[in-house]
Engineer: 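Input: one structure, supplied below.
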Amino acid sequence: MSQPSTFFITTAIDYPNSRPHIGTAFEKIGADVQARFRRMEGADTYFLMGNDENTIKVSKRARELGVEPQPYVDDMASQFKEVWRALDISFDDFIQTSEPRHHAGCQRFIQAVFDAGDIDKRPYKGLYCEGCEEFKTAKEAVSPDGRELKTIEEAEAAGACCPNHPKTPLRIVEEENYFFKLSSFQDRLLAHYEAHPEFIQPESRRNEVVNLVKAGLQDVSISRKGFSWGIKVPFDEEQTIYVWFDALLNYITALGYGSADDAKFRRYWPADVHVIGKDITRFHCALWPAMLMSAGLPLPKSVFAHGFVYRKDEGSGVLQKMSKSIGNIVEPMDLVRRFNSEAFRYYFMSQCPFGGDGEFSFERFAETYNTGLANSLGNLYSRTITMPVKYFGGVLEGSSAIDPTAWRAGLDLPALVEELRSLVGSFQYAGALQTIWLQVIDAANRYIEATRPFALIKTDPAATKIALVNLAEALRVVSILIKPFLPRTAETFYAAFNFADAQPFDRVCFADAASRPPGPDLRVTAALVDGKVAPLFPKIDLKAEPSS
RNA sequence: UGCGGCGUGGAGCAGCGGUUAGCUCGCCAGGCUCAUAACCUGGAGGUCGCAGGUUCGAUUCCUGCCGCCGCAACCA
């Protein structure tokens, strides 16, 4: 037997200056579905997440709260992980960029780039706010006459200030910083995009980046002077590595790059896919590969930029970006507590195309839940289990000899499974789920109407049994196909009958959906109350909800 | 201003050169009762933003216009 292939998948690391919202969760769920799918496919999968802690904002936020940065970020990291676990995000590692392993790897890396001659020191010119003691961009500057400012020169001339210190005009200050010679990588980057069309996904993002790089790249400042929080530049103790150069490196420092124990790095790098938000595409598709080229490391195989989730206001119907100032942020735990993690995952994966933008409203959430989960999926589960219990005491003797393919007559299941593998493997989750619901779940519901086992039992118990065995098989198939998306529901489905006697649930792969493995006769193993299962997804009635 | 995206029945989305433009929800009418008043069948509802062009043929390709929305270097 050959070595299983590896699959290394990462998400963007988050700033821990506030708790994650549902948009952040969207990314993690999308990555998690992929990780779970690849594990099912037999790949040795490694799923990395983390927090981006070496930022000025984080240290300032900690100071506001009167705590040291380290305990602050540690506390935030545990809060983040708690949310991710509640959503069943199956990460294998969670890196905090304040950890020693990250610091060490970063220093090793920046040294390598320095030694390669791609870093030099030169003056950095920026808008400095004496109140904040930090540089601002022209965009952040507020002009006294309310004008939009495009350049830092314009901002200084207008006497603009930062929003926090309206009485202290911003001035252009120069300081010596280290710069990464990004501009010299333009040709190599373009050649790489050309040779690897799959490097940036989806297609629309790829075009964006190609245009951007064609337009020309500027060298980027990668260090700052005079900060105590962060990673020191190894060849200049007075300087601290600045945000992106540090953040991107988490993908390799988490694997032990530059440390004595770099077995994981050797095994999993290069990454198969970095899952990120569309806003940071350029850093992952231009800066990051250039950094790796400079250090002589292989480039990630692909970057997938997902869309954003916008908040649709129930009253006005207005679609807005979620933000603290508007006060329209929805926290994942709200939804998990009020409903459950499966409903959360289902909503985002089925309603928001991963590569594009999606929207969220409680109204749509309830609608999606009620129709997709309660009526369609949950109800199928109930009726599939009740009948064998009612008519055969839960034991379907002789079922192993029955061919369970009648329920899917007219459906080419093997072809469908192949199609689904392709859809899920390419992040087309909404399409995959719609296909499962339309082709498989609806087929099972229709099969009940066609065979009418509840009537058939009065005249032909043998035929009834055949119908019920078919239904059980449909449940098994559904269980396998939804496993990456709804892991808990999938497991509940699989445990409803003694399917595990034929094949343990954790060994099931997508291809197994198309053919039933030989096994003993079927019997119902679900927990029953008065001969019935409790509804898996009780209907949501928003009007009856106390708040929202 | 530059770059990019979007505009398909009441709502949300597919489709993207070629038989009667699909799907989910909603609506209307039947059927059924195993099931979470669930499920199944049928129906009404669209000149595929507007105007040109390419083509034997365009919702699908090109151009222009209108409307909405992103991005423009550190915002998931």
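Letters A, B, ... mirror the listed sequences (proteins, then strands); counts begin at 1. Remember, it's a predicted structure, so these values are computed and weren't measured experimentally.
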Engineer: Using a 3.5 Å distance criterion without hydrogens, assess whether the side chain of Arg345(A) forms a donor-acceptor pair with backbone atoms of Phe485(A).
Structural biologist: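 Yes, because the side chain of Arg345(A) sits within donor-acceptor range (under 3.5 Å) of the backbone of Phe485(A).
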Engineer: Near RNA chain B, under 4.0 Å by heavy atom, which residues of residues 440-462 of chain A?
Structural biologist: Asn445(A), Arg446(A), Ile448(A), Glu449(A), Arg452(A), Phe454(A)
Engineer: How does RNA chain B look in dot-bracket notation if pairs are Watson-Crick or G-U with both distances under 3.5 Å, crossing ones as [ ], other-strand ones as |?
Structural biologist: (((((((..((((....[...)))).(((((.......))))).....(((((..]....))))))))))))....
Engineer: Salt-bridge test for Glu359(A) and Lys312(A): reply yes if a basic N is under 4.0 Å from a carboxylate O, no otherwise.
Structural biologist: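 Here Glu359(A) pairs with Lys312(A) in a salt bridge, since their nearest N and O are under 4.0 Å apart.
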Engineer: When the P atoms of G57(B) and U1(B) are compared, how many Å lie between them, rounded to an integer?
Structural biologist: 37 Å
Engineer: Encode nucleotides 3-14 of chain B as B, S and - characters from 5' to 3', where the letter depends on protein heavy atoms closer than 4.0 Å: B to the base, S only to sugar-phosphate, - to neither.
Structural biologist: -S-------S--
Engineer: Identify, between Ile276(A) and Arg282(A), the residue whose nearest nucleotide on RNA chain B lies closer to the 5' end.
Structural biologist: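 Closer to the 5' end of RNA chain B: Arg282(A).
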Engineer: Run through Asp32(A), Thr11(A), Ile29(A), Thr24(A) and flag the one making a side-chain contact (heavy atoms from CB on, under 4.5 Å) with Trp84(A).
Structural biologist: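 Per the side-chain contact (heavy atoms from CB on, under 4.5 Å) rule, the option paired with Trp84(A) is Thr24(A), out of Asp32(A), Thr11(A), Ile29(A), Thr24(A).
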Engineer: When rounded to the nearest Å, what value does the distance between P atoms of C27(B) and A73(B) take?
Structural biologist: 48 Å
Engineer: Taking atom CZ as the centre, does Arg122(A) end up with more than 12 heavy-atom neighbours from other residues, nucleotides or ligands that are less than 6.0 angstrom away?
Structural biologist: yes
Engineer: With rounding to whole Å, what would you report as the distance between G9(B) and G46(B) at their P atoms?
Structural biologist: 10 Å
Engineer: Tell me the salt bridge (charged side-chain N to carboxylate O under 4.0 Å, His left out) pairs involving residues 433-450 of chain A, sequence neighbours left out?
Structural biologist: Arg383(A)-Glu449(A)
Engineer: Applying the side chain to side chain donor-acceptor pair (under 3.5 Å) test to Asp246(A), which of Thr55(A), Asn54(A), Thr253(A) qualifies?
Structural biologist: Asn54(A)
Engineer: Base, sugar-phosphate, or nothing for Val309(A), non-hydrogen atoms under 4.0 angstrom?
Structural biologist: base
Engineer: Listed by chain and number, what are the side chain to side chain contact (heavy atoms under 4.5 Å, CB included) partners of Pro538(A), not counting sequence neighbours?
Structural biologist: Tyr369(A)
Engineer: Considering only atom P, compute the distance from G43(B) to U24(B) and round it to an integer number of Å.
Structural biologist: 14 Å
Engineer: Just by distance, with hydrogens left out, do Ser361(A) and Glu363(A) show a side-chain donor and acceptor under 3.5 Å apart?
Structural biologist: no
Engineer: For atom P, what is the distance between A21(B) and U59(B), given to the nearest Å?
Structural biologist: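 A21(B) and U59(B) have their P atoms separated by 11 Å.
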Engineer: Are any of Lys532(A)'s side-chain N or O atoms less than 4.0 Å away from OP1 or OP2 of U36(B)?
Structural biologist: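 Result: yes.
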Engineer: Between G30(B) and G49(B), how many Å separate the two C1' atoms, rounded to a whole number?
Structural biologist: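 It works out to 38 Å between them.
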Engineer: Inspect the contact between Glu473(A) and Arg476(A) and indicate whether a charged nitrogen and a carboxylate oxygen are less than 4.0 angstrom apart.
Structural biologist: yes
Engineer: Which of residues 374-384 of chain A sit near RNA chain B, with a heavy atom under 4.0 Å from it?
Structural biologist: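 Under 4.0 Å from RNA chain B: Ala374(A), Asn375(A), Gly378(A), Asn379(A), Ser382(A), Arg383(A).
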Engineer: Among A76(B), A73(B), G70(B), which nucleotide sits nearest the side chain of Lys278(A)?
Structural biologist: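 Shortest atom-to-atom distance from the side chain points to G70(B).
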Engineer: Which part of the nucleic acid, if any, lies within reach of Leu438(A) when heavy atoms closer than 4.0 Å are counted: base, sugar-phosphate only, or nothing?
Structural biologist: sugar-phosphate
Engineer: When rounded to the nearest Å, what value does the distance between C1' atoms of U55(B) and G17(B) take?
Structural biologist: 9 Å
Engineer: How far, in whole Å, is A35(B) from A76(B) if one measures between their C1' atoms?
Structural biologist: 41 Å
Engineer: Would you check if the side chain of Thr525(A) reaches a backbone N or O of Ala495(A) as a donor-acceptor pair within less than 3.5 Å?
Structural biologist: yes
